[in-house]
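What follows is a single structure, written as structure tokens, with notes after it.
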Amino acid sequence: MRKAQKTTWLTKEAAEAQRGWFVADLEGKTLGRAATVIASVLRGKHKPTFTPNADAGDFVIVINADKVALTGQKHRDKLYRTHTEYPGGLRETSAGKLLAEHPDRVIRRAVWGMLPKGPLGRRIIKKLKIYSGPAHEHAAQKPQQLAL
């Protein structure tokens with residue numbers, strides 16, 4: 001008879017001790033497909049020590065955020081909606097306009113939609129660093145290339 005495999009759970013301290021850094025170059029990559037990989041690495045699902053209720057993921061640096069691709073007519077048809085909390089305060093912005101003005105917001109919203117909501121998700125999203133150009137200021141952390 002085989003012994004059962006014992007499941008190990010990480011504590012918060014152990015999860016924070018094993019952080020890595022990754023660089024994701026989004027030039028020519030599709031937004032949704034890139035966001036799923038980024039969210040998975042931020043969450044820590046690529047590690048054998050994944051724990052659902054602990055922040056065990058790695059840092060992700062996104063470069064060339066302004067060169068991410070949207071398929072079909074999403075530049076024109078996809079709308080991002082916000083509300084000012086005043087009557088009639090609904091604001092709509094097309095994906096193309098938001099990508100031209102604030103490419104970091106498009107990527108952050110795509111990744112945030114794939115993370116858990118609440119205190120854990122808010123802590124995880126802080127490990128996402130987004131830059132419009134090819135340069136970033138995290139060379140000292142010696143990030144590895146993230147395959148998208």
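Since this is a predicted model, take the numbers as computed values, not measurements. All values below come from the heavy atoms of this structure, side chains included, with hydrogens, waters and symmetry mates left out.
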Subject >> Atom of R33, atom of T36 and distance for their closest heavy-atom approach >> reply: O-OG1, 2.7 Å
**OP:** Would you indicate whether K67, at its atom NZ, is surrounded by more than 12 heavy atoms from other residues, nucleotides or ligands within a distance under 6.0 Å?
**Re:** yes
Original post:
Atom CG in D25, atom CG in N64: separation rounded to 0.5 Å?
Top reply: 4.5 Å
**OP:** Measure from the side-chain N and O atoms of T51 to the backbone N and O of T49, and report whether any donor-acceptor pair falls under 3.5 Å.
**Re:** yes
Original post:
Distance from T30 atom OG1 to L148 atom CG, nearest 0.5 Å?
Top reply: 10.0 Å
**OP:** Find the distance between NZ (K126) and CG (L42) and round it off to the nearest 0.5 Å.
**Re:** 13.5 Å
Subject >> Hydrophobic cluster membership, V37 vs M114, 4.5 Å side-chain cutoff >> reply: no
**OP:** Can you sort out the partners of F50 under side-chain contact (heavy atoms from CB on, under 4.5 Å), two or more places apart, ordered by chain and number?
**Re:** R43, K45, P52
**OP:** Indicate the atoms forming the closest heavy-atom contact of I107 with A65, along with that distance.
**Re:** CD1-CB, 3.3 Å
Original post:
If you look only at pairs with a residue in residues 103-119, which of them pass as a side chain to side chain donor-acceptor pair (under 3.5 Å), with sequence neighbours excluded?
Top reply: none
Original post:
Would you say V106 and L79 are hydrophobically clustered, going by side-chain heavy atoms of ILVMFWY under 4.5 Å?
Top reply: no
Original post:
Would you call H46 and F22 a side-chain contact if the rule is heavy atoms closer than 4.5 Å?
Top reply: yes
Subject >> Closest non-hydrogen atom pair between D66 and S132, with its separation >> reply: OD1-O, 2.5 Å
**OP:** Would you name the heavy atoms of H136 and P143 that are closest together and state the gap between them?
**Re:** CE1-CG, 4.1 Å
Original post:
Looking at residues at least two apart in the chain, or sitting in another chain, which of them share a salt bridge (charged side-chain N to carboxylate O under 4.0 Å, His left out) with K127?
Top reply: D55
Subject >> CG-CG distance between L70 and D77, expressed to the nearest 0.5 angstrom >> reply: 11.0 Å
Original post:
Between L115 and G121, which heavy-atom pair has the shortest distance, and what is it?
Top reply: CD1-O, 4.4 Å
**OP:** Considering non-hydrogen atoms only, spot the tightest contact between A54 and L120 and give its length.
**Re:** C-CD1, 4.0 Å
**OP:** For residues 83-99, pull every pair meeting side chain to side chain donor-acceptor pair (under 3.5 Å), keeping only residues two or more places apart or in separate chains.
**Re:** R81-E92
Subject >> Reported OH-to-CG distance for the pair Y80 and L99, which is rounded to 0.5 angstrom >> reply: 8.0 Å
Original post:
V23: which other cluster members, linking ILVMFWY side chains closer than 4.5 Å, directly or transitively?
Top reply: W21, F59, I61, I63, Y131
Subject >> Partner residues of D58 under the salt bridge (charged side-chain N to carboxylate O under 4.0 Å, His left out) criterion, sequence neighbours left out >> reply: K47
